[in-house]
Amino acid sequence: MSEEARSLNFIEHIIEEDLKNGYSQKDLRFRFPPEPNGYLHIGHASSICLNFGLGLRYNAPVNLRFDDTNPAKEENEYVEAIKEDVSWLGFKWDTECYASDYFQQLYDWAVMLIKEGKAYVDSQSSEEIASQKGTPTEPGKDSPYRNRSVEENLRLFKGMKDGEFKDGEHVLRAKIDMASSNMLMRDPVMYRILHKAHHRTNTDWCIYPMYDWTHGESDYIEQVSHSLCTLEFLPHRELYDWFLDQVVSSDKLRPKQREFARRNLSHTVVSKRKLLQLVESGVVESWDDPRMPTISGLRRRGFTPESIRNFADTIGIAKRENVVDVSLLDFHVREHLNKIAPRVMAVLNPLKVVLTNYEEGKEEWLDAENNPEDPSAGSRKVPFSRELYIEQEDFREEANRKFFRLKLGGEVRLKNGYIIKAESCTKDDEGNIIEVQCTYDPKSKSGSGTEESLRKVKGTLHWVSIPHAITAEVRLYDRLFTDPTPDGHKDKDFMDFVNPNSLQKVTGYLEPSLKDAQIGDQVQFQRLGYFNVDKDSTPENLVFNRTVTLRDTWAKLEQKS
RNA sequence: UGGCCUAUGGUGUAAUUGGUAACACAGCUGAUUUUGGUUCAGUCGUUCAAGGUUCGAGUCCUUGUAGGCCAACCA
């Protein structure tokens with residue numbers, strides 16, 4: 001990694017500037033602050049890579065903080081899933097934090113604000129409060145409760161905390177400015193009453209702090225130096241700073257909120273509501289369906305942590321709207337898998353080939369290189385016999401010179417094996433080719449060193465020996481949506497763009513070395529793509545997922561003509 | 001009919017802070033190749049618009065234009 005060569009993103013410029021202006025490197029601390037209310041997706045991965053990447057770059061700690069202030073939506077199940085996903089991506093957090101650990105401190109500070117006349121209990125309904133908010137162009141109106149006495153506020157707030165009131169009867173509001181051009185500054189709610197058990201604090205509390213009151217103060221408590229969030233929080237910054245102003249002491253570090261544009265991936269959706277709709281409507285099977293943009297889905301699909309990190313690195317971070325093409329993600333998985341995935345042979349759309357001059361009942365075990373990119377990966381033996389499968393697409397009765405595959409009267413090499421020549425073929429009643437009769441050149445065996453073995457023939461096919469082949473269920477995945485921005489159309493629902501062919505299940509015929517493949521194993525089916533063993537797989541019933549196809553310039557050529 | 005943010009090739013991100021617009025992906029051409037993979041070489045194409053400041057503007061100023069965000073007891 002040529003760290004020097006990489007240019008800085010705007011966040012790093014801000015940090016460098018801070019370092020120049022008196023921050024010490026030891027002051028730096030970051031955090032990734034998910035709400036445990038759902039599964040992490042590729043967008044979160046970007047944020048994770050940003051924050052943890054900064055930690056690595058500046059040798060600074062990064063906290064994993066759960067923003068768990070709304071028990072109505074949060075569950076421990078998600079906490080565990082999030083921890084697993086972050087770990088899987090390869091990052092180690094410094095401290096595991098929970099906003100709920102700060103409930104008492106937050107409460108004490110709120111009491112302090114009340115005493116200073118900077119917060120008050122409002123006893124109106126949420127509708128009434130909303131109706132007084134005003135609009136972006138008109139100022140809001142003061143609540144009739146805005147000028148309650150400190151004593152009354154203190155008493156009511158304590159009552160709220162002690163469970164004397166029902167949900168919605170009162171809220172605590174910051175007393176700021178009902179005429180502010182920033183709607184968030186118009187006396188934002190700090191606490192609401194919620195008689196609901198929390199996954200960590202259980203029933204200790206029946207009032208819960210709002211995001212704005214919690215987030216900056218949590219950053220301050222943890223002494224996070226740079227609190228990075230997405231652009232839609234930009235208007236919150238003024239409030240973030242106002243809340244911080246109420247509690248900071250000069251001997252402590254004051255956190256900074258800075259905002260970046262969330263990364264959007266083409267041909268996908270990430271909103272929780274939409275993802276849920278995909279699951280519930282049965283378009284996909286689960287949250288970790290290999291077509292889902294969730295981290296667990298990507299993992300199951302066969303994406304590697306390295307590929308996702310590299311992807312996040314190259315797309316970088318900025319402040320403008322963006323839609324990153326999925327092909328860039330594909331590039332990064334291929335780049336990584338090309339280096340590490342053992343090559344094997346599998347036929348997914350079989351056509352029988354009979355070598356008429358090959359002795360019946362004979363078998364040979366041929367040497368096959370495991371990975372041309374990695375000589376240390378060694379080699380294995382693959383069985384060869386008189387009857388083989390090749391792909392149907394690899395044979396045509398006749399074809400032009402551009403077709404580097406098998407055609408009648410033409411020659412082709414069987415990978416790691418012999419040169420064969422197609423002599424004839426047989427068809428069924430409907431005219432489908434069901435078998436090709438070929439002859440092989442016994443002297444052309446790969447690696448034998450003979451003159452014949454060194455002959456150049458245009459075209460090398462993968463194959464499997466029929467008597468030796470094992471079968472597996474192979475799941476061929478394609479993008480879930482046919483449109484680059486499925487949720488970017490005003491007149492159409494994103495569900496209209498669901499790709500009906502996003503999953504195709506076929507039976508594959510594999511070389512026998514795959515018999516002991518373990519869940520998670522990643523291989524390249526030569527000429528077809530990268531595949532991994534799905535968690536549904538058992539020794540009796542192997543299941544492979546296609547992570548991504550190989551680049552296919554032939555398919556492009558074909559499409560053009 | 002307010003406030004704020006943003007604008008660089010097909011896509012994403014840079015530009016020594018005012019000094020030759022670069023990197024990756026995608027596309028195209030060719031070479032290599034027992035994977036139509038990989039690798040290698042080459043090629044394509046860009047500063048939203050109009051003014052202004054300046055020896056010099058992607059960068060600063062003005063005015064437009066376009067897109068986005070903001071009125072949850074969500075985060």
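Reckoned from all heavy atoms, side chains included, excluding hydrogens, waters and symmetry mates.
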How are the rings of A:Phe384 and A:Trp463 set to each other: parallel, tilted or perpendicular (split at 30° and 60°)?
perpendicular
Is there a donor and acceptor pair closer than 3.5 Å between the side chain of A:Arg413 and the base of B:rU34?
yes
Within the modelled atom types, does a donor on one side and an acceptor on the other bring the side chain of A:Glu373 and the base of B:rG37 under 3.5 Å apart?
yes
Give me the distance, rounded to whole Å, that separates B:rU43 from B:rA49 when you measure between the P atoms they each carry.
27 Å
Phosphate OP1/OP2 of B:rU34 contacted by A:Lys445 side-chain N/O (<4.0 Å)
no
Given atom NZ of A:Lys73 and atom P of B:rA75, what is their separation to the nearest angstrom?
8 Å
In whole angstrom, give me the gap between the P atoms of B:rG10 and B:rG30.
24 Å
Measuring only the C1' atom in each nucleotide, how far is B:rA75 from B:rU16? A whole number of Å is fine.
40 Å
Can you name the one residue among A:Glu169, A:Arg148, A:Glu128 that meets side-chain hydrogen bond (donor to acceptor under 3.5 Å, both in side chains) with A:Ser123?
A:Arg148
Should the side chain of A:Glu369 and the base of B:rU34 be counted as holding a donor-acceptor pair, with the cut-off at 3.5 Å?
no
May I ask you to verify if any side-chain N or O of A:Thr137 is less than 4.0 angstrom from the OP1 or OP2 atom of B:rG3?
no
Mind telling me whether A:His215 and A:Tyr240 have parallel, tilted or perpendicular rings, with 30° and 60° as the class edges?
tilted
What interatomic distance, in whole Å, is found between P of B:rA71 and the corresponding atom of B:rA66?
23 Å
Taking B:rA41 as the reference, what is the distance to B:rA57 when you measure between their C1' atoms (whole Å, please)?
36 Å
Taking only side-chain N and O atoms of A:His13, does any of them lie within less than 4.0 angstrom of OP1 or OP2 on B:rA15?
yes
Below the 4.0 Å mark, does B:rC70 have OP1 or OP2 next to a side-chain nitrogen or oxygen of A:Arg186?
no
Measure distances between side-chain N and O atoms of A:Arg405 and base N and O atoms of B:rG36, and say whether any donor-acceptor pair falls under 3.5 Å.
yes
Mate of B:rU43 across any strand shown (Watson-Crick or G-U wobble, both atom pairs under 3.5 Å) is B:rG27
Check this one for me: any side-chain N or O of A:Thr69 less than 4.0 Å away from OP1 or OP2 of B:rA75?
yes
Under 4.0 Å between a side-chain N or O of A:Arg192 and OP1 or OP2 of B:rA75?
yes
Measuring to OP1 and OP2 of B:rG36, would you say a side-chain N or O of A:Lys402 lies under 4.0 angstrom away?
no
Side-chain donor/acceptor contact of A:His236 with base of B:rA75 under 3.5 Å:
yes
Using a 6.0 Å distance limit plus a 45 degree cone around the ring axis, check whether A:Lys161 lies over the aromatic ring of A:Trp205.
yes
Under 4.0 Å between a side-chain N/O of A:Arg551 and OP1 or OP2 of B:rG36, yes or no?
no
Gap between atoms CG and P, on A:Leu184 and B:rC74 respectively (whole Å):
14 Å
Please indicate yes or no: is the ring centre of A:Tyr211 less than 5.5 Å from the centre of the six-membered base ring of B:rA75, with the two planes inclined by under 30 degrees?
no
Using Watson-Crick or G-U wobble geometry with both distances below 3.5 Å, tell me the partner of B:rA66, or none.
B:rU6
Work out how far the C1' atom of B:rU32 is from that of B:rG12, and round it to whole angstrom.
31 Å
Can you tell me the pairing partner of B:rC73 across any strand shown, Watson-Crick or G-U wobble, with both distances under 3.5 angstrom?
none
Please give the distance between the P atoms of B:rU13 and B:rC48 as a whole number of Å.
14 Å
Work out how far the C1' atom of B:rA15 is from that of B:rG9, and round it to whole angstrom.
15 Å
Using OP1 and OP2 only, check whether a side-chain N or O of A:Lys319 sits under 4.0 Å from B:rU6.
yes
